[in-house]
Amino acid sequence: MRRDSVTAKFFAWGLIFVFALLGCRAAVKPTPEQEPAGIHYNITQEARLMKVVIYEGEKGYWWVDVSLKNVTDKQQAFRVSAKVDDWAPIASFTGGSKRSALAPQKEGIVKLKTLSKKLPKILTIEIIPYP
């Protein structure tokens, strides 16, 4: 057996092992004109959705990390909810349980743990201002 084929096989199995160990992560940078299949958005004009990350966490539950930006000239808190497949929506606020407002033109990340134990086929993201 040639040394090159052994190295290639070792490298391929190493990549497979790393992906299996770390879990699957998918990042989507949405554009309002083009929604990826199965992903729907309902976003207020005061916020801009920067990035959505879907990944499998501990104990097999899937997480959704939503990165958003406050595009207004005043501080504003937002409620972010994610609904996957047929499960009930999961919601949280910028700043977590403290419900802290984002400064003007600043970004924040809201982490949501879904109840799904398999990769979601349908994802709905909603961002609305919190009074």
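For the side chain to side chain donor-acceptor pair (under 3.5 Å) test, residues two or more places apart in sequence or in another chain that qualify with Ser81 are Glu126. When the side-chain contact (heavy atoms from CB on, under 4.5 Å) test is applied to Lys74, the partners found at least two apart in sequence or on another chain are Thr72, Gln76. By the side-chain contact (heavy atoms from CB on, under 4.5 Å) test, Lys111 pairs with Tyr55, Trp63, Asp65, Ile109, sequence neighbours left out. Checked against side chain to side chain donor-acceptor pair (under 3.5 Å), Thr44 has the following partners two or more places apart in sequence or in another chain: Glu46.
Between the CZ atom of Arg99 and the OH atom of Tyr130 there is a distance of 4.0 Å, given to the nearest 0.5 Å. Once rounded to the nearest 0.5 Å, the distance linking CZ of Arg48 with OG of Ser67 reads 11.5 Å. In this structure, the separation between NZ on Lys51 and CD on Glu107 is 9.0 Å, given to the nearest 0.5 Å. Residue Ile54 holds its CD1 atom at 11.5 Å from CG of Leu112, rounded to the nearest 0.5 Å. Here Ile43 contributes atom CD1 and Leu49 contributes atom CG; the two are 4.0 Å apart, rounded to the nearest 0.5 Å.
Around the NZ atom of Lys117, the shell of radius 6.0 Å holds more than 12 heavy atoms that belong to other residues, nucleotides or ligands.
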Name every donor-acceptor pair, under 3.5 Å, that has one atom in a side chain of residues 84-94 and the other anywhere in the protein, sequence neighbours excluded.
unit_1: Asp85; atom_1: OD1; unit_2: Lys121; atom_2: N; d: 2.9
unit_1: Asp85; atom_1: OD1; unit_2: Ile122; atom_2: N; d: 2.9
unit_1: Thr94; atom_1: OG1; unit_2: Phe78; atom_2: N; d: 3.2
unit_1: Thr94; atom_1: OG1; unit_2: Ser100; atom_2: O; d: 2.9

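Proximity of Lys69 to Gln105: side-chain heavy atoms (C-beta onward) are separated by under 4.5 Å at one or more points. Between Leu123 and Val52, the closest side-chain pair of non-hydrogen atoms falls below 4.5 Å. Val64 has its side chain within reach of Thr114: a pair of non-hydrogen atoms, C-beta onward, lies under 4.5 Å apart.
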task: Output, in order, the C-alpha distance, side-chain angles, deciding distance and verdict of side-chain contact (heavy atoms from CB on, under 4.5 Å) for Tyr61 and Glu56.
output: CA-CA 6 Å; Tyr61 290 105; Glu56 186 176 14; over 6 Å; no
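With respect to Ile125, the side chain to side chain contact (heavy atoms under 4.5 Å, CB included) criterion is satisfied by exactly one of Val66, Asn42, Val110: Val66.
A pairwise comparison of heavy atoms in Ile127 and Ala47 identifies CG2-CB, 4.0 Å as the closest pair.
With hydrogens and angles ignored, the 3.5 Å screen pairs no side-chain donor or acceptor of Ser116 with any backbone N or O of Trp62.
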